[in-house]
Amino acid sequence: MYTGIGASAGIGIGSVIIVKEPSLAYDNTTISDVVAEKERYNKALEECVAKTQAMAEDMKTRVGEKEAEILEGHVLLLTDPEMSSQIETNIDNKMCAEAAVEQVCDMYAQMFASIDDEMFQQRATDVGDIKTRLLKVLLQVEDLDLATVPEGTVLVAEDLTPSMTASINPANVVGFLTEIGGKTSHSAILARALEIPAVLSIDGIVSKLENGQLVILDGSTGEVYESPDEALLNEYTAKRAAYLEEKAALQAFVGKPSATADGNVVELCANIGKPEDALKVVECDGEGVGLFRTEFLFMDRPQVPTEDEQFEAYKKVVETLEGKPVIIRTLDIGGDKEIPYLGLEKEDNPFLGFRAIRLCLQRDDLYRPQLKALLRASAYGELKIMVPMISFVDEFRAVKALLAEIMAELDAEGTPYNKDIKVGIMVETPAASLMADVFAKEVDFFSIGTNDLTQYTMAVDRGNPDVAYLYSTYNPAVLRSIERVIKAAKAEGTMVGMCGEAAADPLLTPLLLSFGLDEFSVSATSILATRKVISLWTMEEANAVAEKAMSMTTEAEVQAYLKSVAK
């Protein structure tokens with residue numbers, strides 16, 4: 001058995017086809033005719049852009065607009081004037097077009113890869129994909145055609161890039177196995193959209209399997225079995241049938257209230273990262289947006305987005321949700337993300353440094369336009385503003401004072417906005433948790449960010465494998481922190497939600513219900529599954545589970561107990 005990252009749920013049983021890219025070797029010689037070489041590059045760029053746009057249109061038709069956005073993002077990268085200018089400068093310096101493309105793309109990819117952030121890591125992969133496609137056009141190498149593989153195929157590759165994944169026919173492909181990639185990689189996103197099981201980051205899997213070999217993969221657990229015997233094959237055939245049956249049964253929860261078995265109603269929302277993601281929330285029957293991350297607007301561009309650009313993005317989301325609540329988080333960025341135009345200094349420990357609200361309150365040029373754009377967009381739906389990385393009350397009061405100034409400006413201009421807009425905080429620092437009773441009197445709502453709250457409570461770098469064992473929301477210290485925040489909010493009648501990964505964890509559902517969580521915010525694709533889990537519990541049962549779990553003293557005890565009572 002091999003193990004990797006289960007990146008797209010489901011069970012695939014089929015025959016291996018190993019995907020290997022053709023050689024892109026070229027003769028790296030100094031050129032003499034710069035004009036001709038630039039023309040050759042620009043023709044290749046034009047052809048590559050056209051092909052990518054065609055793939056995006058095909059993806060939009062076959063899968064959806066959200067997934068097509070990935071390839072449309074590739075078009076933006078290909079046509080980025082700064083990147084093209086640098087490539088042409090290389091050609092001016094007598095580089096052949098292939099070497100010019102490779103040098104600039106590698107530079108960008110290395111820059112993105114060096115940033116400890118999943119979004120930038122994925123951008124590095126995107127740049128690598130673009131480089132490969134440009135080189136193919138320049139060298140007149142045909143693209144791999146994965147649309148014609150036979151039924152029952154399991155594709156095995158070092159990586160499945162978005163452009164490769166876009167051509168796949170899901171009727172013929174029953175699974176993906178790759179050596180690199182993770183749950184948030186674009187290939188994983190496309191695999192989930194195409195509903196193809198995928199296990200990624202399996203070390204050396206390309207050399208370990210052979211063409212035609214029968215394999216089983218479980219996209220939920222990350223397990224892969226080669227050449228299974230009859231007993232194992234029968235076991236997983238039954239598991240696959242059960243999984244498909246359960247998936248179909250989730251459709252029964254479309255349009256149903258998010259409520260416990262005895263009628264305790266909660267709100268079930270989704271986390272999104274781009275305006276286009278709002279469509280998926282509607283498609284998956286979400287009751288709102290519990291977290292809209294705004295960082296995407298500030299990335300992959302040469303300057304700060306204008307107030308109007310931001311306004312249009314926020315307005316698009318609230319209009320798409322048609323009156324359902326939309327919580328938009330203000331800029332959460334710091335020294336760990338290299339955005340050249342911001343001029344941020346590199347920090348030794350950026351996660352504890354000058355970031356999020358700490359940065360925004362010092363940068364009126366960033367924060368004031370964002371707040372004004374948010375207020376303007378609030379006239380078009382139920383928009384709420386959430387402030388991240390709050391540690392003490394003065395920070396929140398400073399935000400409220402700035403909002404009051406901007407509201408006065410809008411009143412003077414006669415610009416409409418929601419004068420009763422709700423403003424809350426993301427509870428993700430131990431300081432905010434310990435002061436939750438004080439904050440609950442000042443804010444309109446809480447949203448618990450369990451990913452960072454766990455990291456900061458346990459003083460653990462979640463990206464460091466040597467201390468990864470400490471990073472667990474099941475730890476009693478983290479659970480006590482979550483309980484404290486929710487109880488403080490309930491005492492003041494303040495709405496409290498959760499937008500971290502724990503909100504979608506079925507083992508934690510009874511605890512969160514018992515604590516009194518008002519809103520669960522999960523990925524759009526987890527909405528129906530979460531609604532089902534909530535429906536299986538009565539409050540009496542949830543309270544009994546919480547009482548016992550909260551009496552335990554170790555993470556292992558808590559997790560084992562929650563697994564034993566899971567529904």
Side-chain angles (χ1 to χ4, degrees), residues 7-8 19 21 42-84 101 105 108-109 112 119-138 141-149 155 157 159-173 176 178 181 184-196 198 272-283 296-297 299-301 309 312-313 316-317 320 524-525:
S8 181
V19 180
E21 285 278 17
N42 281 298
K43 281 184 178 178
L45 178 62
E46 189 177 316
E47 182 180 338
C48 197
V49 168
K51 284 183 175 180
T52 307
Q53 286 175 329
M55 285 192 292
E57 287 302 315
D58 177 60
M59 180 64 71
K60 192 179 293 184
T61 303
R62 291 194 301 119
V63 185
E65 289 190 17
K66 175 178 177 290
E67 291 71 30
E69 279 289 319
I70 294 170
L71 290 165
E72 287 170 352
H74 284 202
V75 173
L76 292 176
L77 281 170
L78 282 164
T79 56
D80 178 67
E82 181 65 24
M83 185 181 283
S84 286
V101 165
C105 286
Y108 274 88
F112 289 135
M119 186 177 294
F120 280 101
Q121 298 280 345
Q122 182 53 51
R123 186 65 70 220
T125 303
D126 290 340
V127 173
D129 193 4
I130 287 164
K131 177 187 80 171
T132 298
R133 280 185 283 136
L134 270 171
L135 289 176
K136 281 182 178 178
V137 175
L138 286 165
V141 173
E142 288 296 316
D143 276 326
L144 288 168
D145 184 8
L146 299 180
T148 58
V149 298
L155 293 173
D159 187 22
L160 280 171
T161 64
S163 58
M164 291 162 65
T165 313
S167 67
I168 287 168
N169 180 356
N172 294 344
V173 177
F176 298 153
T178 70
T184 59
S185 66
H186 283 167
S187 54
I189 291 168
L190 290 173
R192 289 193 291 271
L194 293 166
E195 299 186 337
I196 298 173
I272 65 172
K274 301 190 298 294
E276 296 75 19
D277 296 344
L279 290 169
K280 192 70 174 178
V281 180
V282 175
E283 290 169 12
F296 84 99
L297 281 171
M299 296 175 177
D300 298 339
R301 55 183 301 130
E309 283 179 293
E312 291 296 338
K316 180 176 181 178
V317 174
T320 301
T525 53

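Keep in mind that the numbers below use all heavy atoms, side chains included, and drop hydrogens, waters and symmetry copies.
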**OP:** Would you name the heavy atoms of N169 and A147 that are closest together and state the gap between them?
**Re:** CB-O, 4.0 Å
Original post:
Rounded to the nearest 0.5 Å, how far apart are CD of Q53 and NE2 of H74?
Top reply: 13.5 Å
Original post:
What heavy-atom pair brings C105 and V127 nearest, and what distance separates the two atoms?
Top reply: O-CG1, 3.3 Å
**OP:** Output the distance between atom NZ (K316) and atom CG (L279), rounded to the nearest 0.5 Å.
**Re:** 7.0 Å
Subject >> Note, I168 side chain near F176 side chain (heavy atom, < 4.5 Å) >> reply: yes
**OP:** In plain terms, say whether D277 and K274 are close enough for a salt bridge, that is, a side-chain N and a carboxylate O under 4.0 Å apart.
**Re:** yes
Original post:
Is there a donor-acceptor pair under 3.5 Å between the side chain of S8 and the backbone N or O of I196?
Top reply: yes
Subject >> Evaluation steps, side chain to side chain donor-acceptor pair (under 3.5 Å), between T52 and R133 >> reply: CA-CA 9 Å; T52 307; R133 280 185 283 136; 2.5 Å; yes
Original post:
Looking at T178, N172, V173, which one forms a side-chain contact (heavy atoms from CB on, under 4.5 Å) with L155?
Top reply: V173
Original post:
Hey, what do you get for OG1 (T125) to CD1 (I130), rounding to the nearest 0.5 Å?
Top reply: 11.0 Å
Subject >> Spacing of L76 atom CG and L71 atom CG [to the nearest 0.5 Å] >> reply: 11.5 Å
Subject >> Nearest-0.5 Å distance that lies between atom CG in L45 and atom OG1 in T79 >> reply: 8.0 Å
Original post:
Is the CD atom of E46 crowded by more than 12 outside heavy atoms at less than 6.0 Å?
Top reply: no
Original post:
Side-chain contact, heavy-atom cut-off 4.5 Å: R123 with D126?
Top reply: yes
**OP:** Measure across A124 and A109 and return the closest heavy-atom pair with its distance rounded to 0.1 Å.
**Re:** CB-O, 3.4 Å
Subject >> E47 with K51: basic N within carboxylate O range, under 4.0 Å >> reply: yes
Subject >> 4.5 Å side-chain heavy-atom contact, K280 and I272 >> reply: no
Original post:
Which heavy-atom pair separates V317 from P275 by the least distance, and what is that distance?
Top reply: CG2-CA, 3.5 Å
